[in-house]
Amino acid sequence: VQLQASGGGLVQAGGSLRLSCAASGQIFSINDMGWYRQAPGKQRELVAGITGGGSTKAADSVKGRFTISRDDAENTVVLEIHSLKPEDAAVYYCRADVRTSFIKPDSQVYWGQGTQVTVSS
């Protein structure tokens, strides 16, 4: 299973971005999906998550500005980012909890390679 993230870039403060992450490979189903970020010198933190049933959660720092969604037909998760702030600058990583087999009910977490978001003030 591979996760390919895209959509990062350089944006002015107040601007918007759309991050996308596509999962490919041997996939039976995907449980939770999410986006994390890691700024230099800081720990990786959860930005937003979405369950297999579509329930979402977001970090307090991004509520009202970031929206997470998923397309199970395409095995993708999208993060819509609005009203960007300088403190949003980080490498953004997607994460997916993937069940690869119909026979085996267990799942495994996979990470994307990260996409850089840079915010100019």
Side-chain angles (χ1 to χ4, degrees):
V1 176
Q2 291 186 327
L3 270 61
Q4 182 68 44
S6 61
L10 172 62
V11 183
Q12 281 191 332
S16 299
L17 276 176
R18 183 178 187 271
L19 306 184
S20 181
C21 177
S24 61
Q26 186 173 335
I27 299 171
F28 173 72
S29 64
I30 303 178
N31 302 320
D32 294 354
M33 304 183 83
W35 286 93
Y36 290 69
R37 67 187 180 188
Q38 187 168 20
K42 295 188 177 182
Q43 290 189 332
R44 189 173 298 187
E45 62 175 356
L46 172 68
V47 175
I50 184 167
T51 68
S55 297
T56 63
K57 61 180 177 182
D60 289 341
S61 60
V62 307
K63 283 181 180 177
R65 300 187 298 120
F66 290 20
T67 302
I68 189 169
S69 62
R70 61 189 287 167
D71 182 338
D72 289 333
E74 299 292 332
N75 290 328
T76 59
V77 59
V78 170
L79 187 68
E80 299 277 359
I81 303 174
H82 300 287
S83 303
L84 271 162
K85 302 178 180 180
E87 53 263 40
D88 293 321
V91 178
Y92 283 68
Y93 298 90
C94 56
R95 174 190 184 275
D97 184 26
V98 180
R99 179 179 171 183
T100 58
S101 170
F102 168 75
I103 298 174
K104 298 179 181 180
D106 53 313
S107 61
Q108 185 173 344
V109 171
Y110 295 87
W111 290 88
Q113 84 284 9
T115 185
Q116 178 73 51
V117 172
T118 304
V119 183
S120 62
S121 56

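The minimum heavy-atom distance between G7 and L17, with the atom names listed, is O-CD2, 3.5 Å. Annotation for A48 and L79: closest pair CB-CD1, 4.1 Å, computed over non-hydrogen atoms. In terms of heavy-atom proximity, P86 sits nearest to A13 at CD-CB, 4.3 Å. Residues G49 and L46 approach most closely at N-CD1, 4.3 Å, considering heavy atoms. Residues A23 and I30 approach most closely at CB-CD1, 4.0 Å, considering heavy atoms.
For the atom pair OG1 of T115 and OH of Y92, the computed distance is 10.5 Å after rounding to the nearest 0.5 Å. In this structure, the separation between CD on Q12 and CG on L84 is 11.0 Å, given to the nearest 0.5 Å. With values rounded to the nearest 0.5 angstrom, Y93 atom OH is found 13.0 Å from L19 atom CG. With values rounded to the nearest 0.5 angstrom, M33 atom CE is found 6.5 Å from T76 atom OG1. Atom CD1 in I27 sits 4.5 Å away from atom CG in N75 (nearest 0.5 Å).
Legend: residues meeting side chain to side chain contact (heavy atoms under 4.5 Å, CB included) with Q4, ordered by chain and number and at least two apart, are Q113.
Under the 4.5 Å side-chain heavy-atom criterion for Ile, Leu, Val, Met, Phe, Trp and Tyr, V78 and I81 are members of distinct hydrophobic clusters. One hydrophobic cluster holds both V91 and V109 under the rule that ILVMFWY side chains link at heavy-atom gaps under 4.5 Å. V117 and L3 fall within the same hydrophobic cluster, where Ile, Leu, Val, Met, Phe, Trp and Tyr residues are linked whenever their side-chain heavy atoms come under 4.5 Å apart, directly or through other members.
Applying the ring-ring contact (aromatic ring centres under 6.0 Å, His included) rule to pairs touching residues 18-44 yields F28-F102, Y36-W111, sequence neighbours excluded. For residues 18-32, the set of pairs meeting the side-chain hydrogen bond (donor to acceptor under 3.5 Å, both in side chains) definition, not counting sequence neighbours, comprises R18-E80, N31-D97. The list of side-chain hydrogen bond (donor to acceptor under 3.5 Å, both in side chains) pairs with a residue in residues 39-55, not counting sequence neighbours, reads R37-E45. Sorted by first and then second residue, the salt bridge (charged side-chain N to carboxylate O under 4.0 Å, His left out) pairs involving residues 107-121 (not counting sequence neighbours) form an empty list. Applying the disulfide bond (SG atoms under 2.5 Å apart) test to pairs two or more places apart or on separate chains, those with a residue in residues 14-121 are C21-C94.
Between the side chain of R99 and the backbone N or O of K104, at least one donor-acceptor pair lies under 3.5 Å.
Proximity of I68 to R70: side-chain heavy atoms (C-beta onward) are nowhere separated by under 4.5 Å.
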Worked verdict on D88 versus K85 for salt bridge (charged side-chain N to carboxylate O under 4.0 Å, His left out): CA-CA 5 Å; D88 293 321; K85 302 178 180 180; over 6 Å; no
